[in-house]
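To start, the structure itself, in C-alpha cells.
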Amino acid sequence: MCGVVGVAAHEPVNQILYDALTMLQHRGQDAAGIVTLQDGRFYLRKENGMVRDVFMTRHMLKLVGKFGIGHVRYPTAGTSSSAEAQPFYVNSPYGITLAHNGNLTNAESLAKSLYQEDRRHLNTDSDSEVLLNVLAHEMQNVGKTHPKPDDIFAAVKAVYGRCEGAYGVVAMITGQGLLAFRDPNGIRPLIFGERLAANGGTEYMVASESVALTGCGFTIIRDVKPGEAIFIDLNHKLHTQQCVEQKEYTPCIFEYVYFARPDSIMDNISVYKSRLRMGEKLGQKILDEWGEDHDIDVVIPIPDTSRTSAMELALKMNIKYREGFMKNRYIGRTFIMPGQQQRKKSVRQKLSAVPLEFKGKNVLLVDDSIVRGTTCHEIIQMARDAGARKVFFASAAPPVKYPNVYGIDMPVRSELIASGHSVEEVRQIIGADRLIFQDLDDLIDAVKDTKHSRVEGFDCAVFNGCYITGQINESYLEHLQAQRNDSAKGVQVVADTSVDMMGVEEQ
C-alpha cells in the first residue's frame with residue numbers, strides 16, 4: 001500500500017507536496033519521493049525513509065516548479081530497496097514521471113512484452129515501472145509532438161486495455177501537464193479537489209486520501225471514478241474523461257478497516273463512521289454470543305486504528321472504555337514493516353502498558369484486524385504482564401484467510417494466522433482467553449451504510465477469497481508467495497539513487 005499526490009498550482013509546489021505526503025505517511029514509511037516540473041525539466045528527490053528524513057531544506061530548495069507529484073511507499077515485493085523508491089521516470093517520449101499505488105496482477109507478462117515487443121528496458125522489479133513504460137509506449141503510439149488532451153486520454157485507454165489489477169496513478173508529462181487515473185473497479189482510492197490561488201486562478205490536487213487535500217486547503221470536488229482519467233494542462237485547465245467502461249464499483253474494504261486515516265472520506269464514505277459502525281456491530285455480536293454475563297470489566301483498544309471501533313463497542317455493551325496502552329509515536333506501523341522479526345521486536349518498542357488499567361481486571365482488547373498474529377500475541381502477553389486476570393480479544397474485521405494481490409502486503413497464506421486454523425486454534429496461538437471476529441456481512445454493512453456513495457460492493461478477497469478482477473488462480477498465488485514471503489524480504493539492498501538521467505536533476 002502506498003500514497004500518491006499530484007499538484008498543479010500557481011505557486012511553487014514543493015511545500016504543498018511535502019505537507020500532503022506527511023498526511024499520507026501512514027500509507028507507507030519505507031521510502032518517499034517528489035518530482036517537480038519547471039521549464040520542461042524534472043527535478044527529483046527520492047530515497048528510503050520517512051518524509052521528514054528524505055527531504056532536507058537543501059533538497060526542497062532544488063525542487064522548483066508549479067507542477068509536481070509525490071509518493072510514499074512500503075514494499076510489497078522483494079527487498080526494501082531505494083532503487084524502487086518512486087516516482088519513476090522515462091525520457092521517451094516527451095519525458096514522463098509516474099507514481100503508483102496498487103499492484104498490477106499481470107506485471108510479469110507485461111514486462112516480457114515491453115522488452116520483446118516494445119523494446120523497452122526495465123531497471124527494477126517494480127510493477128510501477130512496468131506501468132510507466134506501458135503508458136510511455138502508448139503515448140509514443142500517439143505519434144504527435146504536441147498531443148491534445150484527447151490524445152492523452154486515448155493513450156490511457158490503451159493502458160487500461162493492457163494493465164490488470166488495482167492502481168491509483170499520478171503522472172506528469174513534460175510540455176503537457178498532470179495526469180491521474182484509477183483502475184476500472186476503483187479498488188485503490190483516488191480523489192481530487194481545487195482551491196483558489198492568490199492570483200485568482202484555480203489550483204488542483206489529486207491524492208490517495210481526502211485528508212491530503214483538506215489539510216492543504218483544497219476543497220474536495222469528488223473521487224476519481226473507476227476507469228476515469230483526469231488531466232490538468234499547463235494552463236491549469238481541467239479535463240476529464242471516462243476512458244473505459246466502469247466495472248463493478250468495488251473499493252478495497254481494508255482501506256476502511258485499517259489503512260485510511262479515520263478523518264478521510266473515501267468514495268463518499270466516512271472512514272470514521274464506518275469504524276463506529278464496526279464497533280457497534282461487533283459489540284452486538286459479543287452480547288449475542290457471550291451473553292450479558294460476558295465477564296468483561298473494561299474495553300481497551302490497540303492504538304491507534306481500533307480506537308474508534310473500541311469506543312463504540314464499549315458504548316454498545318455499556319462497559320468502561322479505557323486507554324491501557326501508550327504509544328511511542330516514533331515507531332512505524334508494525335503491520336507494514338518488512339520482516340517478521342522486525343515486526344515482533346517493534347511491538348514492545350511501540351507500546352507500553354498502563355498497569356493501573358490491567359491489574360486484577362478482565363480486559364477486552366480490541367484491534368482492527370488480525371493478520372499474522374505477531375502483534376496481538378505480544379500485546380496479550382503485555383496485558384498479562386501488567387496484571388490482567390483474563391484477556392479477551394476482539395477483531396473489528398473477519399479472519400484474514402486469503403492472500404492479497406492488489407497492493408497490500410499480506411500475500412502469503414502460510415503467514416496468515418487464520419488461514420488453515422479455526423477461531424479456537426487462533427485463540428490458542430495468540431494466547432487469549434476468548435476470541436471473537438467480526439462477521440463479513442456485518443463489516444460490509446458497516447462500511448456501506450451511507451446514502452451518498454455509489455459503491456456497489458467491496459473487494460473482500462482477503463476474507464472470502466473472491467478476487468474482483470478475476471484471473472487469479474492457485475498457480476498465480478503460489479508464484480506470488482515465492483516472491484513476497486518474509487524470507488524473500490530478508491536481505492536489505494541499499495541502492496544509489498543518484499543516477500544520471502537525461503532531463504532529470506536528482507537532488
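Atom CG of Asp449 is separated from atom OG of Ser270 by 11.0 Å, given to the nearest 0.5 angstrom. Rounding to the nearest 0.5 Å places CG of Leu132 at 9.0 Å from CG of Leu122. From Glu255, atom CD reaches atom CE of Met266 across 4.0 Å, with rounding to the nearest 0.5 Å. To the nearest 0.5 angstrom, Ser274 atom OG is 12.5 Å from Ile444 atom CD1. Annotation: the span from Leu282 atom CG to Gln438 atom CD amounts to 5.0 Å, rounded to 0.5 Å. Rounded to the nearest 0.5 Å, atoms CD (Glu164) and OG1 (Thr105) are 5.0 Å apart.
Checked by atom type, the side-chain pair Tyr167/Asn103 shows no donor-acceptor distance below 3.5 Å. Side chains of Gln86 and Ser128: a donor-acceptor N/O pair is present below 3.5 angstrom, by distance only. Side-chain atoms of Glu108 and His479 form a donor-acceptor pair, as typed in the model, at a separation below 3.5 Å.
Contact record, Gly68 with Val13: N-CG2, 3.8 Å, taken as the closest heavy-atom pair. Heavy atoms only, all atoms of each residue included: Val4 and Leu190 are closest at CG2-CD1, 3.9 Å. Listed here is the closest heavy atom pair of Phe254 and Val371: CZ-CG2, 4.3 Å. Among all heavy-atom pairs drawn from Gly457 and Lys448, the shortest one is N-NZ, 4.5 Å. Shortest non-hydrogen contact noted between Val159 and Val134 is CG2-CG1, 4.1 Å. Contact between Ile232 and Ala8 at its shortest, heavy atoms only, is CG2-CB, 3.7 Å.
Counting only distance, with no hydrogens or angles, the side chain of Asn235 and the backbone of Lys237 share no donor-acceptor pair below 3.5 Å. Between the Thr97 side chain and the Met172 main chain, no donor and acceptor come within less than 3.5 Å of each other. Formation of a donor-acceptor pair under 3.5 Å by the Tyr74 side chain with backbone atoms of Met1 is found in this model. Not a single donor-acceptor pair under 3.5 Å links the side chain of His100 to the backbone N or O of Asp127. Ser453 contributes no side-chain N or O that, together with a main-chain N or O of Asn268, makes up a donor-acceptor pair within less than 3.5 Å. Between the side chain of Ser395 and the main chain of Ala397, a donor-acceptor pair closer than 3.5 Å is present. A side-chain donor-acceptor contact under 3.5 Å links Arg275 to the backbone of Tyr256. Remark: side-chain polar atoms of Thr174 are paired, donor with acceptor, to backbone N or O of Tyr94 under 3.5 angstrom. Proximity of a side-chain donor or acceptor of Gln25 to a complementary backbone N or O of Met50 within less than 3.5 Å is not detected. Looking only at distances, a side-chain donor or acceptor of Asn133 sits under 3.5 Å from a matching main-chain atom of Glu129.
Counting heavy atoms from C-beta outward, Met60 and Thr57 have side chains that stay 4.5 Å or more apart. When side chains are defined from C-beta on, Ile191 does not count as touching Arg222, because their heavy atoms never get closer than 4.5 Å. Put simply, the side chain of Ile187 does not reach to within 4.5 Å of the side chain of Pro251, judged on heavy atoms. Taking the side chain as every heavy atom from C-beta outward, Arg182 and Arg188 never approach each other to under 4.5 Å. Looking only at side-chain heavy atoms (C-beta outward), Pro184 and Gln246 stay at 4.5 Å or farther from each other. Residues Phe458 and Thr250 have side chains not in contact (no heavy-atom distance under 4.5 Å, counting atoms from C-beta outward). With a 4.5 Å cut-off on side-chain heavy atoms, Asp263 and Val271 do not count as touching. Side-chain contact check for Val72 versus Val51: some heavy-atom pair is nearer than 4.5 Å.
Across Asp30, Thr124, Asn123, a single residue satisfies side-chain contact (heavy atoms from CB on, under 4.5 Å) together with Glu84, and that is Thr124. Of the candidates Ile152, Val156, Asp151, Met139 forms a side-chain contact (heavy atoms from CB on, under 4.5 Å) with just one, namely Ile152.
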(request) Determine, stepwise, if the pair Ile69 / Val5 fulfils side-chain contact (heavy atoms from CB on, under 4.5 Å). (result) CA-CA 6 Å; Ile69 63 174; Val5 60; over 6 Å; no
(request) Would you check, one step at a time, whether the test side-chain contact (heavy atoms from CB on, under 4.5 Å) holds for Glu312 with Thr308? (result) CA-CA 7 Å; Glu312 195 68 9; Thr308 311; over 6 Å; no
(request) For salt bridge (charged side-chain N to carboxylate O under 4.0 Å, His left out), just list the numbers for Asp150 and Lys157, CA-CA rounded to whole Å, side-chain angles, deciding distance to a tenth of an Å, and then say yes or no. (result) CA-CA 10 Å; Asp150 283 346; Lys157 183 175 182 179; over 6 Å; no
(message) Does Ile34 form a side-chain contact (heavy atoms from CB on, under 4.5 Å) with Leu21? I'd like the steps, not just the answer.
(response) CA-CA 9 Å; Ile34 289 176; Leu21 289 181; 3.7 Å; yes
(request) Would you please test Arg27 and Asn101 for side-chain contact (heavy atoms from CB on, under 4.5 Å) and show each step? (result) CA-CA 10 Å; Arg27 300 186 67 85; Asn101 169 36; 3.3 Å; yes
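Ring geometry, Tyr467 versus Tyr406: the interplanar angle exceeds 60°, so the pair is classed perpendicular (tilted spans 30 to 60°). Between His10 and His236, the ring-plane angle classifies as parallel under the 30° and 60° cut-offs.
Glu117 has no carboxylate O lying under 4.0 Å from a charged side-chain N of Lys112, or vice versa, which leaves the two without a salt bridge. Residues Asp233 and Lys148 are not paired through a salt bridge, judged by the lack of any N-O separation under 4.0 Å between the basic side chain and the carboxylate. Here Asp304 pairs with Lys327 in a salt bridge; the nearest charged N to carboxylate O distance falls below 4.0 Å.
Applying the side chain to side chain donor-acceptor pair (under 3.5 Å) rule to Arg195 yields the partners Glu203; only residues at least two apart in sequence or on another chain are considered.
Proximity of the aromatic rings of Phe192 and Tyr204 is defined here by a centroid distance below 6.0 angstrom, and this criterion is not met.
The number of heavy atoms from other shown groups lying within 6.0 Å of OH (Tyr160) is above 12.
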